[in-house]
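Scroll down for the structure; my scribbles are underneath it.
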Amino acid sequence: MIDLDKIEPSNFIEEEILEDLKNGRSKEVITRCPPEPSGYWHIGHCKAWIIDFETAIKFGGYTYLRMDDTNPSREQGEFADSYMADLAWLGYTPKKMIFASEAYFDKIYEIAEEMIKNGYAYVDELSQEDQLKMKGTLTSPGVNSPYRDRPWKESLDLFRRMKNGEFPDGSLTLRAKIDMAHPNILMRDPIMYKISRQHHYKTGDKWCIYPIYDFAHPMEDALEGVTYSLCDITFRVHRELYEWFIEKGWNKPFAPKQREFSTLNLENVLLGKRYLKQLVESKKVMGWDDPRFLTIVGMRRRGYTAQGVKDFIKSVGVVPSESTIPFSALEFHIRNDLNKIATRAMVVLDPLKVVITNYEGENEEISIDNNPNIENGGAHKASFGKTIYIEKEDFSDNPPPKYNRLTLNGIVRLKGAYIIRCNKAIYKENGEIDHLECEYIKESKSGNDTSGLKPKGTIHFVCEGDCFNITIRNFKNLTKAEYLWPSKALADGVSIDELLEPNSMQESTAIAENFLREAKTEDKFQFMRKGYYTLDKDTTENNYIFNFTIGLKDSFKVKG
RNA sequence: UGGGGUGUCGCCAAGCGGUAAGGCACGAGACUUUGACUCUCGCAUGCGUAGGUUCGAAUCCUGCCACCCCAGCCA
């Protein structure tokens, strides 16, 4: 049993729940994660699901995964499995996976009949256009339908015949009898059931009438025993209707509560389903799991961690007010988590050959810590020898101020190995550097340094004979930085080609220490001094592909 | 013009009548065999605005202003 006195509510919803629990309004916290199975989840959905699960967990309750599949024209069954996988990745296990259609259609229908008998609902014969005309406007009241006050027996008979398929699609509707002059337009006799002969992926052709969200959702919540139905702020105005249906349609001592929080708005991120779909279908990206997408599968392939995503969502907070989050806030949490878990490795992205002139014989073994931030994090073997490669940018024959790397006649430490001094740069005919000639300081071996030398910098390297070529997929933001709101830009008429950042994915080759051959798909690494990378699923034995996840912070600034 | 929601640092966000937490970003410095990490310091006389109540107001009251959402047989 949870000790209520020990719970610290972290937002306004939790405060209310705690209060309910303490005064007996609620006995337990049961939430639901109700996707409409019609597309892939993205980081925006994550916020809602994380709140659903975390809220329940905090109070010792649980969460159902409920497919909100009341509209046969939109849903496809193929997504259900992907949702389970996405939740598993986020680290959540639903109490049960439920298909609303399968589990509740019969009961919701019975409730509708009861409501007709109690005078709370009627069958309307008005066309969709006429209903719209009589709805009124934001500032003027609506007009009652001529069928509004027909005897309940007549409505019940018509409703049953609707169900039996006696009327064409769209000809009749079941409407809630509330108030056509209500200031909240949603309360002006909203539709509860429509006639639609579309094939449903789950219930097949069993039904030709389908309940509308506003009626179906509160009934599903109630039937399921959900105590807190958490949703985004869009539904704030629906709350009044939700409560009306609970009162008139459910009317039992227990009643679920709907509470709302604001949606997640991330700058520079394209999330609209139709736009992503367009990019996938036109092959401008690799698929729904393209690492440039912030779909869950995309983030996963990019190398983001579930923990990082969760930390980010939690940092944003649960409030009812709209907010806009800069992308750097997400990056901070991803980097932060990766720093804790990623294995360090040495990879040279842009190689410059270095010959150690005073080194003779076989390569020798050196040791690289897997992660200096983890106590007893272990280490792996690498090599040092006659020929090595360093980054081109780690050498300069004309160094800017405060340059801590290798210079002509300067010294630098090779990570995990020796201090070297550069004696000579050999140039090609075109003036570019071809390779360097350096000497190593024998008594400066890592962990055993008696040289007394104090180089200002440490650089990474790989050793010939103990390395292999890998493919790097470099990513930039999918859309141009000047479009803070990509979806809005598209809606405003900006073309997709104008919006897209050119060459946001580019492949290159790099040289990696042999240790990386052991990498498995989705393993996460920090290529020291460069950034975080993860092994892509496209990897083959002869072609290791690493996706660039995110760079390290870099406070070195070259002036001028 | 009706109804609902929201306004606290560049961006999030605590605050719930006792004198503005924290994080991101940014800047300065220390440390460092990753220019990472870590650490230290700086960063709102001010809480949309105008009044009022109070010994005391971001918090209570009143008026005004700004922004967002709502008229699918979508969710």
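First the proteins, then the strands, lettered A, B, ... as listed; each starts at 1. Just so it is clear, the model here is predicted, and its values are computed rather than measured.
Taking atom P in both B:C60 and B:G17, the straight-line distance is 8 Å, to the nearest Å. On the P atoms, B:A20 is 12 Å away from B:G46, given to the nearest whole Å. Only the C1' atoms considered, B:G10 is 9 Å distant from B:C26, to the nearest whole Å. Comparing the C1' positions of B:C9 and B:G15 gives an interatomic distance of 15 Å, to the nearest angstrom. Annotation: B:U45 and B:U33 have their C1' atoms spaced 48 Å apart (nearest Å). Look at the C1' atom in both B:G22 and B:U8: the space between them is 14 Å, to the nearest Å. Nucleotides B:U49 and B:C67 place their C1' atoms 15 Å apart, quoted to the nearest Å. Look at the C1' atom in both B:A58 and B:C47: the space between them is 5 Å, to the nearest Å.
Under the rule for a ring pair (Phe, Tyr, Trp, His ring centres under 6.0 Å), the partners of A:F245 that lie at least two apart in sequence or sit in another chain are A:F215.
Within 4.0 Å (heavy atoms only), A:H217 reaches no atom of the nucleic acid at all. Within 4.0 Å (heavy atoms only), A:N404 reaches at least one base atom of the nucleic acid. Looking at heavy-atom distances under 4.0 Å, A:Q128 makes contact with a base. Heavy atoms of A:R239 sit nowhere under 4.0 angstrom from any nucleic acid atom. Note on A:T139: a base of the nucleic acid sits closer than 4.0 angstrom, heavy atoms only. At the heavy-atom level, A:L138 lies under 4.0 Å from base atoms of the strands shown. Using a 4.0 Å heavy-atom cutoff across all strands shown, A:V316 reaches sugar-phosphate atoms only and no base atom. Residue A:P372 is in base contact, counting any heavy-atom pair closer than 4.0 Å across all strands shown. A:S10 comes within 4.0 angstrom of nothing in the nucleic acid, heavy atoms only.
At distances below 3.5 Å, at least one donor-acceptor pair connects side-chain atoms of A:E391 with backbone N or O atoms of A:D350. No side-chain donor-acceptor contact under 3.5 Å links A:D311 to the backbone of A:H333.
Using a 4.0 Å cut-off, no side-chain N or O of A:R74 falls inside it from OP1 or OP2 of B:A75.
Note on ring orientation: taking the six-membered ring where Trp is involved, the planes of A:H200 and A:Y210 are parallel (angle under 30°, cut-offs 30° and 60°). Between A:Y418 and A:F384, the ring planes lie tilted relative to each other; the angle falls in the 30° to 60° range.
Nucleotide B:G4 is shown with an anti base, its glycosidic torsion being more than 90° from 0.
In this structure, B:U59 forms no base pair with any nucleotide, since neither Watson-Crick nor G-U wobble geometry is met with both distances under 3.5 Å.
Annotation: of the two residues near RNA chain B, A:S444 and A:R236, the 5′-most nearest-nucleotide partner is A:R236.
Under the stacking definition used here (centres under 5.5 Å, planes under 30°), the residue A:Y213 fails to qualify as stacked on the base of B:A75.
Using a 4.5 Å heavy-atom threshold, the side chains of A:E267 and A:W485 count as touching.
For a distance-only test at 3.5 Å, the side chain of A:H182 fails to qualify as a donor-acceptor partner of the base of B:A71.
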